[in-house]
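Presented below is the structure to which this report refers.
Start at 1 and go down the list; that is how both ligands and their atoms are numbered.
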Amino acid sequence: MLYYLPRVNSNLPTALYCSVSKTKTLYFCQNCGNQSPKWVGKCPVCNEWNTYVEEIVDKTEEKLKEKRGYAGTRNEEVKPVPIKEVQELEMQRINTHDTELNRVLGGGIVAGSLVLIGGEPGIGKSTLMLQLALQLKGVKVLYVTGEESDRQIKLRAERIGIKNDACFLLTETNTQQIFKQAAQLAPDVIVIDSIQTLHTVYVESPLGSVSQVRECTAELQRYAKESSIPVFLIGHITKDGMIAGPKVLEHIVDTVLQFEGDRNYTYRILRTIKNRFGSTSEIGIYEMLGDGLRPVLNPSEILLTQREDELSGIAIAGMMEGMRPFLIETQALVTPAFYGTPQRSSTGFDGKRLNMLLAVLEKRAGFRFGTKDVFLNIAGGLRVDDPAIDLAVMAALTSSYNDIPVSSKIAFAAEVGLSGEVRAVSRVDQRISEADKLGFEKIFISKFNQKLDVKKFNIEIVSISRVQQLVEELFG
Ligand code: TYD
Ligand code: MG
């Protein structure tokens, strides 16, 4: 019998292709998880180049999938349920005793949910999950680790300093064994550290490969749904911010949380990327201390640097992340450029947007940035997407340009458009009341923010419609 030999572009031994009758290889896109019998340069689904990697798939796997039902479908007959009953089930949530985690999960851990926590190595994913496991008093948690030994986990638990008899450790990487142990222990919550170390007997591909990761996640999803036990998965992300393994993982799980932060700072942000049980615009803020992660309940306090003198190039923005308002400091430095092309550098803020704001200042307010180096920084190592920060960025830029400080009692909350118009932003009253609460004396907002009950605030509200007005108000 003749076998077609696929083009070999991985370092798998050729013997595997020729001699084993049961083994079949397929090519998987590392980006979206699409599969193809042949190697292709450009993925027809996600249009990424050079993402196909060859993997061995057991021929029996497809049959097994048919038999078991793939990705969460069960073989038993499923009866329709009245929607009222379904909703009641969904409302069962476990309180994590961690305000930040509760918030990003949409109010607690939903029974039977599969939650993926992604983040760069060393950011604190294991710490976050172990801390959760330890502080869930009266809830039995099974912490499965394939990365570290139980002694290492114990050391970390000692560092966190919470004692909990209902927290169990299991060093195992085989999914079937995990399910077996879980059946005996009957935990209320399972944590898997990490999905990349798991393997299932149903797929022959190497550890951490696309099909292994995908199949293991699908098994866990089925398990979570059938047993109603919530499962947390830790997943590593690659340098470009993707959860290693296919993007398809994100489709399988119910909730995707991203743990991020700048290593040079102690602050960590837990961001909701996807949530079937809550809002996706929520964030949780933590501080990494010597004894674990501390939830930061009042972010404004840490994101505003304490300073004695008024310095130029600093302006405070009234931000929203999800439903939560907080104030954050933007810092700019504008200096004469000594090289041909002036530098533009921004940390925590979109570089293209910075260029746009500079162009608007040039065209509409007569500033000359063409011969200046411009640096922009958002305090606390945070990354900001809220367009309401625009006005504060402009204030910081012009303040540094003129070398005149903006009073530390002034806040800003508005978006800026291409023609220099100051645009309205959402939930402006929440932003104003946060600034009011923190003792700010003045806040600049857009004139187009309608229906504002000015009387309920002590803070002076300055409504402007163009950037020229901002410059006039600040620097006369
Ligand atoms: P870790 O949770 O192992 O990160 P990940 O699982 O994402 O790879 O923790 C990473 C860092 O956190 C590590 O460098 C040590 C530090 N750390 C603290 O600063 N305080 C603590 O209490 C703990 C447990 C860790
Ligand atoms: Mg870890």
Side-chain angles (χ1 to χ4, degrees), residues 96-101 104-105 109 114-136 141-164 167-173 175 178 189-199 207-208 212-213 216-217 220 231-245 249-250 253 255-273 283-297 302 380-383:
T96 62
H97 302 293
D98 175 341
T99 46
E100 306 299 295
L101 198 58
V104 290
L105 289 173
I109 310 169
L114 185 64
V115 182
L116 176 68
I117 300 195
E120 283 174 28
I123 206 78
K125 301 178 296 297
S126 305
T127 309
L128 180 70
M129 282 297 105
L130 187 64
Q131 196 167 320
L132 166 75
L134 292 173
Q135 69 196 14
L136 279 174
V141 184
L142 177 62
Y143 190 104
V144 183
T145 170
E147 297 213 324
E148 292 159 298
S149 68
D150 40 9
R151 287 216 194 115
Q152 278 171 298
I153 306 281
K154 169 89 182 170
L155 271 177
R156 187 177 286 135
E158 272 167 10
R159 232 178 134 176
I160 295 171
I162 309 174
K163 291 210 164 48
N164 188 350
C167 176
F168 292 82
L169 295 182
L170 173 68
T171 33
E172 181 60 71
T173 54
T175 49
I178 293 171
V189 176
I190 298 180
V191 176
I192 307 276
D193 188 1
S194 66
I195 183 67
Q196 275 93 1
T197 59
L198 288 196
H199 68 94
L207 214 71
Q212 273 292 0
V213 168
C216 289
T217 313
L220 284 163
V231 179
F232 283 88
L233 288 179
I234 291 178
H236 298 290
I237 58 169
T238 51
K239 275 216 185 80
D240 49 356
M242 249 183 29
I243 291 171
L249 251 187
E250 294 188 16
V253 302
T255 303
V256 182
L257 304 179
Q258 186 133 312
F259 207 36
E260 55 189 44
D262 194 315
R263 278 178 190 238
N264 301 324
Y265 294 90
T266 52
Y267 301 115
R268 303 279 181 269
I269 308 275
L270 189 62
R271 205 181 281 276
T272 323
I273 309 279
I283 64 162
I285 304 179
Y286 292 91
E287 189 177 3
M288 179 65 96
L289 300 174
D291 56 352
L293 289 155
R294 179 184 71 93
V296 175
L297 301 180
I302 57 154
L382 241 70
R383 182 168 59 79

Are any of the N or O atoms of L289 closer than 3.5 Å to those of ligand 1? yes
Smallest heavy-atom separation, D193 atom then T197 atom, equals O-OG1, 4.0 Å
G124 versus ligand 1: do any nitrogen or oxygen atoms come within less than 3.5 Å of each other? yes
G290 neighbourhood, listing ligand 1 atoms whose heavy-atom distance to it stays under 4.0 Å: 20 (N), 21 (C), 22 (O)
All heavy atoms of T175 vs all of C216, minimum pair found to be CG2-SG, 3.8 Å
Hey, does K125 come in under 3.5 Å of ligand 1, counting only N/O atoms on both sides? yes
When you measure from atom 3 (O) of ligand 1 to every protein heavy atom, which one gives the shortest distance, and what is it? R156 NH2, 2.8 Å
Quick check: does S194 have an N/O/S atom under 2.8 Å of the Mg ion (ligand 2)? no
Answer whether the closest heavy-atom distance between the side chains of L270 and E100 falls below 4.5 Å. no
Quick check on contacts: which atoms of ligand 1 are under 4.0 angstrom from a heavy atom of D291? 22 (O)
Between T171 and D150, is there a side-chain donor-acceptor contact under 3.5 Å, judged purely by atom types and distance? no
Can you name the closest pair of heavy atoms from A133 and V141 and give their distance? CB-CG1, 3.7 Å
Within 4.0 Å of atom 25 (C) of ligand 1 (strictly less), any protein heavy atom? yes
closest protein heavy atom to atom 6 (O) of ligand 1 is S126 OG, 2.6 Å
Any idea which protein heavy atom is nearest atom 15 (C) of ligand 1, and the distance to it? R159 NH1, 4.0 Å
Which ligand 1 atoms does P121 reach within 4.0 Å, using its non-hydrogen atoms? 8 (O)
The residue among L233, I192, I190 that forms side-chain contact (heavy atoms from CB on, under 4.5 Å) with L114 is L233
Of the protein's non-hydrogen atoms, which lies at the shortest distance from atom 12 (O) of ligand 1, and what is that distance? M288 CE, 3.2 Å
Considering only heavy atoms from C-beta outward, does the side chain of L220 approach that of I195 to under 4.5 Å? yes
Are side-chain heavy atoms of E147 and Q196 found at a separation under 4.5 Å? no
Among all the protein's non-hydrogen atoms, which is closest to atom 2 (O) of ligand 1, and how far away is it? T127 OG1, 2.5 Å
Among G122, G292, G161, which residue places a heavy atom closest to atom 5 (P) of ligand 1? G122
My understanding is that only one of I285, V296, I123 makes a side-chain contact (heavy atoms from CB on, under 4.5 Å) with I269; could you say which? I285
Which is it for L293 and ligand 1 at heavy atoms under 4.0 Å: side chain, backbone, both or neither? neither
State, with a plain yes or no, whether a side-chain heavy atom of R156 is found less than 4.5 Å away from one of T127. yes
